[in-house]
A.B. asks: 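Below is one structure. I have some questions about it.
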Amino acid sequence: MSTLQPVRGTHDLLPEESRAHRRVEATAASVAARYGFGEIITPIFEFTEVFARTLGDTSDVVTKEMYTFTDRSGDSLTLRPEGTAGVARAFISNGLAQSLPLKLFYRGPMFRHERPQKGRLRQFHQVGVELLGVETPLADVEVIALAARLLDALGLGGQVTLELNSLGDAASRAAYREALTAYLSRYRADLSEDSRLRLERNPLRVLDSKDEGDRRIVADAPPIAASLTPEAAGFFADVTGGLDELGIPFVVNPRLVRGLDYYSHTAFEFTTTALGAQGTVLAGGRYDELIAQMGGPRTPGIGWAAGVERLAMLTGAAPAPARPVAVVPMGDPLAALAVAEKLRRAGIVAEMGFSGNLKKRMARAVKLNARYAVILGEDEAARGAVTLRDLDDNSQQEVALAGLVSHLAALLDGERAG
Ligand code: ATP
Ligand code: MG
């Protein structure tokens, strides 16, 4: 451990990266707002129980990935590994059952102790939505449409595939559990050690295994579709029919299960081949029993979460910020600082170099990609004027200091318009 390095799996976002990151978040917030979702900000840590009880004690997140610690009061707390459990907890603690349906958007850091790789971090960020209180498959369609529109808005529509499956209702899953157990038991000896344990405790989990050998066995496992009750099959048909109606393409992936225990009926993922092994950019599903399981009133829910880092890797750099105006003092630097301040108060991005001769300061202005330089020479100052240099064509003119702000504002406006 070197304490001057960031903790493994965490990283600093320098301005260019944070711009790409914030653009993903802001786009998600604005697309979600178009669908009537308001933002909820929940704490970054919760009592460990909030996650342990809901995510399932056989899920990878709970068995291996949680950052859990005992605080000074002796409480067991966990840095949130995902957003839904905290939102469900907030729903119960705030007595929001009176305000259904409820549409909530969230964004922020999540923490999982995983093996760091490209696109897999220990502190990463998600944006997500939860729609609570709507039982009909139309809710699934709407929430998936919101995800599709977000990916479109980020320019990723052509790069992702929507994969869809149904986990059915409790009766469907009980039937499937039997069929799957019968199948997997024949290959018990070839399964990974983790999956042999999963087979005992929660065989569906085996379908989500990342082990190569497990995946080969799973490839021929019976699909859950054969075990769906007529009601669950009808629900799924309504979801796929709704997506068809809205023109949202998808493929049914009969082996898609989600990594957490609380899902029922619809499960979906948007995947890409552009990120190597970490190809899932957005994932979600229906969780009708979660809130009741936590001790709240039974409230159906559906939602998804997307990995901001993975999306930002796909979108690449965000547009550069506005080009600045460089203020270059030749005489009194304080007078120059006052000019820069005047520009900034008028909404113009202004930069001021703090040292060096004219040549050095001009070089710095060019390096900052400044559009104009305002040069405050002593001779011009005596006349109440400055030199304004166009750094794209290197033309220059003298401008009265009193009119500088409006002159520059007009030039910059003209550029934006043109
Ligand atoms: P994976 O199968 O990749 O481990 P998951 O099923 O654990 O994903 P979810 O819990 O569904 O992931 O989280 C939703 C999204 O959050 C993922 O699709 C991914 O984009 C992102 N995500 C999850 N874990 C990480 C991580 N450790 N680092 C970066 N992004 C992540
Ligand atoms: Mg995972």
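All ligand and atom numbering here is 1-based and tracks the order in the structure. Just the heavy atoms: all of them, side chains too, but no hydrogens, waters or symmetry mates, feed the values below.
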A.B. asks: As a test of understanding, state which of R8, R122, K64, R120 forms a salt bridge (charged side-chain N to carboxylate O under 4.0 Å, His left out) with E114.
C.D. replies: R120
A.B. asks: Which one holds for V61 and ligand 1: side chain close, backbone close, both close, or neither close, with close meaning a heavy atom under 4.0 Å?
C.D. replies: neither
A.B. asks: Regarding atom 10 (O) of ligand 1: of the candidates Q126, E269, R112, which has the closest heavy atom?
C.D. replies: R112
A.B. asks: Verify, without hydrogens or angle tests, whether R286 (side chain) and T266 (backbone) share a donor-acceptor contact under 3.5 angstrom.
C.D. replies: no
A.B. asks: Is the closest basic N to carboxylate O distance between R19 and E16 below 4.0 Å?
C.D. replies: no
A.B. asks: Using non-hydrogen atoms of the residue, decide whether R120 is closer than 4.0 angstrom to ligand 1.
C.D. replies: yes
A.B. asks: Do E200 side-chain atoms and L197 backbone N/O form a donor-acceptor pair below 3.5 Å?
C.D. replies: no
A.B. asks: For T280, take its heavy atoms, then give the atoms of ligand 1 lying under 4.0 Å from any of them.
C.D. replies: 17 (C), 18 (O), 19 (C), 20 (O)
A.B. asks: Answer yes or no: does atom CD of Q117 have more than 12 heavy-atom neighbours from other residues, nucleotides or ligands under 6.0 Å?
C.D. replies: yes
A.B. asks: At less than 4.0 angstrom from any non-hydrogen atom of V281, what atoms of ligand 1 do you find?
C.D. replies: 18 (O), 20 (O)
A.B. asks: Identify, by atom number and element, the atoms of ligand 1 in contact range of A305, meaning under 4.0 Å from any of its heavy atoms.
C.D. replies: 14 (C), 15 (C)
A.B. asks: Any donor-acceptor pair under 3.5 Å linking the side chain of R177 with the backbone of L204?
C.D. replies: no
A.B. asks: Pull out every atom of ligand 1 sitting under 4.0 Å from any heavy atom of E114, numbered as shown with elements.
C.D. replies: 24 (N), 25 (C), 26 (C), 27 (N)
A.B. asks: As an exercise, identify every atom of ligand 1 less than 4.0 angstrom from a heavy atom of G307.
C.D. replies: 15 (C), 16 (O), 20 (O), 21 (C)
A.B. asks: Considering only distance and modelled atom types, tabulate donor-acceptor pairs under 3.5 Å from the side chains of residues 35-45, sequence neighbours left out.
C.D. replies:
| from | atom 1 | to | atom 2 | distance (Å) |
| --- | --- | --- | --- | --- |
| E39 | OE1 | R107 | NE | 3.3 |
| E39 | OE1 | R107 | NH2 | 2.8 |
| E39 | OE2 | R107 | NE | 3.1 |

A.B. asks: Please could you name the atoms of ligand 1 that A283 approaches to less than 4.0 Å, counting only its heavy atoms?
C.D. replies: 11 (O)
A.B. asks: State the atoms of ligand 1, each with its element, that fall below the 4.0 Å cut-off from a heavy-atom position in L121.
C.D. replies: 26 (C), 27 (N), 28 (N), 29 (C)
A.B. asks: Checking the N or O distance criterion of under 3.5 Å, is ligand 1 in contact with E309?
C.D. replies: no
A.B. asks: Measuring from non-hydrogen atoms of E82 to any atom of ligand 1, is the shortest distance under 4.0 Å?
C.D. replies: no
A.B. asks: Could you tell me whether the side chain of T315 and the main chain of L154 form a donor-acceptor pair under 3.5 Å?
C.D. replies: no
A.B. asks: Just heavy atoms, cut-off under 4.0 Å: does R122 contact ligand 1 by side chain, backbone, both, or neither?
C.D. replies: neither
A.B. asks: Can you name the residues that form a side chain to side chain donor-acceptor pair (under 3.5 Å) with S264, not counting sequence neighbours?
C.D. replies: none
